[in-house]
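Protein chains get the first letters and strands the later ones, always in sequence-line order, with residue 1 at the start of each. These numbers come from the heavy atoms of this one structure, side chains and all, not from hydrogens, waters or symmetry mates.
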Protein chains: 2
Amino acid sequence: MPRRTREEAEATREALLDAAELVFHEKGVARASLQEIARAAGVTRGAVYWHFRDKADLFRAMLERIRMPFEELVEALPASDRPRSVLETIRLASLLALERMEEPRFKRVHGILIHRCEIFDDIDPVSMMREMALTASANTLEQFRQAERDGELRPEIDAETANRLFHCTLRGLVHSWHLDTDAFSLASSGRELLNHWFGLIENTDSQQSLTQPEPQRHGQRREHHAPGHQGRGQGRSQPR
Amino acid sequence: MPRRTREEAEATREALLDAAELVFHEKGVARASLQEIARAAGVTRGAVYWHFRDKADLFRAMLERIRMPFEELVEALPASDRPRSVLETIRLASLLALERMEEPRFKRVHGILIHRCEIFDDIDPVSMMREMALTASANTLEQFRQAERDGELRPEIDAETANRLFHCTLRGLVHSWHLDTDAFSLASSGRELLNHWFGLIENTDSQQSLTQPEPQRHGQRREHHAPGHQGRGQGRSQPR
DNA sequence: CAAAACATACATCCATGCATGTATAATGCG
DNA sequence: CGCATTATACATGCATGGATGTATGTTTTG
């Protein structure tokens, strides 16, 4: 029964995008047929060609849906409720990003981007990943520069180096996770790893009278494995 | 004119693998047709189906060709001409690996693995990457454990953490490079990054009378590397 | 009544798999 | 050692299916 109301039309569009995520993730972008996606959404190929020009357009729309909220997160990076140290801000923001990546939608779409689509002409995931990497890197670089000025950084490394090291570590962590997402929890492993990482680059000569004493921050540094609930502890001081 | 000699047959097989690398890298694995690969190798599809069962088999054979020499490298990791410190050994071996990755063949095949093929049933790049990651990690973990026993590691981090950090950093670097291989040199950027990284984790309390003084190492790059013999460059075939 | 929001039908293309052809190198045999 | 045979190393042709793009039909809503 064609000619639904406008809200229904938007609903089928979203259903198509949801179905695209699932089918792309299951079969890969190239082997996924529009027929399958349409069927998974409960419609026919006609609906697909009405809402999208072709498969590449559908793919781009699927990416757009996660690009915006994710960039919001990246740009919300400097915003911190408390005037903590700059390094602390970066650390918490990255942890937030890692937790987001474990949400089903981001996990699926990133899984598609990383292991289930091929770069070619119209479909080009790399350009988007590169773009996101550049903006994110520019943002954190500003933060690391500030940290350097504040004397939070160990003197032997500059802000640029710290920034590069940081993004390599994070990217490597995410890619390692996507090699087998069931092997470990990205958020909790990332938290532990980042604790160690920031412990390595932060200045230990605490002449920092600017910031509050901050009693030990890596309290359980020798005690790695946090007490066992382990289940993506998101409710901890993280505003939604 | 069929029925070539055995060496010629092996030559066309190699030519097919070379062509597969090129075409896979150009169009992606899914969109590359066996027709195209055969033409690029100067033969017809008949030759492809003679040497390989199907596209997945060809893909696997292409991977096999780089898997073996690369694992040789990984396993040659502990072998060091000079009794340097353990951390130094890891650093130099990783640098060697990074230099290898800039060689055309490894660059192409890794580029295919990372951005130009989709995981699915028969074609599964992830399992190979995971396998290589595990063996490499097991090897370096042994090294880091030895470094820990020798007191080369900063006391606040253990061998397991150092190993995880190390592989995340390396993986992140390689993936960043593959986002745009023309943006920077993997070897030289990697050398700089690794210098800083090992500077961060190594123990500064130099009670190490075991190793030679080794003046400042940071930012310092002395001789490039052994002008190696390039190893097994036999695959030069491509008739016509 | 016109356009939106699809469903249906149709034509086209092309990659795959296999079957068959074929000429030559390798091999066994007398 | 010559020769027939056979397996080899492909080339060619055919059949198939499945995906794509588009054209057209069908309601219903605004």
What integer distance in Å separates [X]:[atom1] from [N]:[atom2]?
X: Leu16(A); N: dA7(C); atom1: CG; atom2: C1'; result: 13 Å
X: Leu34(B); N: dC14(C); atom1: CG; atom2: C1'; result: 12 Å
X: Ile123(B); N: dA15(C); atom1: CD1; atom2: C1'; result: 14 Å
X: Glu7(B); N: dT8(D); atom1: CD; atom2: P; result: 16 Å
X: Arg39(A); N: dA7(C); atom1: CZ; atom2: C1'; result: 15 Å
X: Arg31(B); N: dA19(D); atom1: CZ; atom2: C1'; result: 13 Å
X: Lys55(A); N: dG18(D); atom1: NZ; atom2: P; result: 15 Å
X: Gln35(B); N: dT16(C); atom1: CD; atom2: P; result: 9 Å

query: Rounded to the nearest 0.5 Å, what separation is found between the CD1 atom of Ile112(B) and the CZ atom of Phe59(B)?
result: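 Reported to 0.5 Å precision, the distance equals 7.0 Å.
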query: Just how far is it from atom CZ of Phe52(A) to atom CE of Met62(A), taken to the nearest 0.5 Å?
result: 10.5 Å
- prompt: Out of dT16(C), dC10(D), dA5(C), which nucleotide sits closest to the side chain of Arg6(A)?
  reply: dA5(C)
task: Determine yes or no for a side-chain-to-main-chain donor-acceptor pair under 3.5 angstrom, with Thr181(B) supplying the side chain and Trp177(B) the backbone.
output: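 Side chain of Thr181(B) to backbone of Trp177(B): no pair is present.
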Exceeds 12 heavy-atom contacts within 6.0 angstrom, atom CD of Glu102(B):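 Above 12, so yes.
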field: Arg105(A), CZ atom: more than 12 neighbouring heavy atoms under 6.0 Å
entry: yes
- request: Output the residues of residues 47-54 of chain A in contact with DNA chain D, where contact means a heavy atom of the residue under 4.0 Å from an atom of the strand; sort by number or write none.
  value: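 Here the set is Tyr49(A), Asp54(A).
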message: Contact list please: residues 18-27 of chain A against DNA chain D, heavy atoms, distance less than 4.0 Å, in numerical order.
response: none
query: Among all residues two or more places apart in sequence or in another chain, which pass the side chain to side chain donor-acceptor pair (under 3.5 Å) test with Glu64(B)?
result: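 By the side chain to side chain donor-acceptor pair (under 3.5 Å) rule, Glu64(B) matches Arg67(B).
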task: Under 4.0 Å between any heavy atoms, over every strand shown, what does Ser33(B) touch: base, sugar-phosphate, or nothing? Just pick one.
output: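 Here Ser33(B) touches the backbone only, sparing every base.
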message: Using the ring pair (Phe, Tyr, Trp, His ring centres under 6.0 Å) criterion, which residues pair with His175(B)? Sequence neighbours excluded.
response: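 Checked His175(B) against ring pair (Phe, Tyr, Trp, His ring centres under 6.0 Å); matches are His175(A).
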For nucleotides 9-12 of chain C, give me every protein contact, N/O to N/O, under 3.5 Å, one pair per line with atom names.
none

query: Side-chain donor-acceptor pair under 3.5 Å between Asn163(B) and Arg145(B), yes or no?
result: no
query: Just checking, any donor-acceptor pair under 3.5 angstrom between side chains of Thr140(A) and His167(A)?
result: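 Yes, because at least one side-chain N or O of Thr140(A) sits under 3.5 Å from a partner of the opposite role on His167(A).
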message: Please confirm whether the shortest side-chain N or O distance from Thr5(B) to OP1 or OP2 of dA26(C) is below 4.0 Å.
response: yes
- request: Determine the interplanar angle of the Phe166(B) and Trp197(B) rings, folded into 0 to 90°, and report it as parallel if under 30°, tilted if 30 to 60°, perpendicular if over 60°.
  value: tilted
- prompt: Using 30° and 60° as the class limits, which term best fits the ring planes of His110(B) and His178(B): parallel, tilted or perpendicular?
  reply: tilted
Sequence neighbours left out, cut at 3.5 Å: what donor-acceptor pairs do the side chains of residues 31-40 of chain A make with other protein atoms?
from: Ser33(A); atom 1: OG; to: Glu36(A); atom 2: N; distance (Å): 3.1

field: Closest-nucleotide ordering on DNA chain C, the 5'-leading residue of Val43(A) and Ala32(B)
entry: Val43(A)
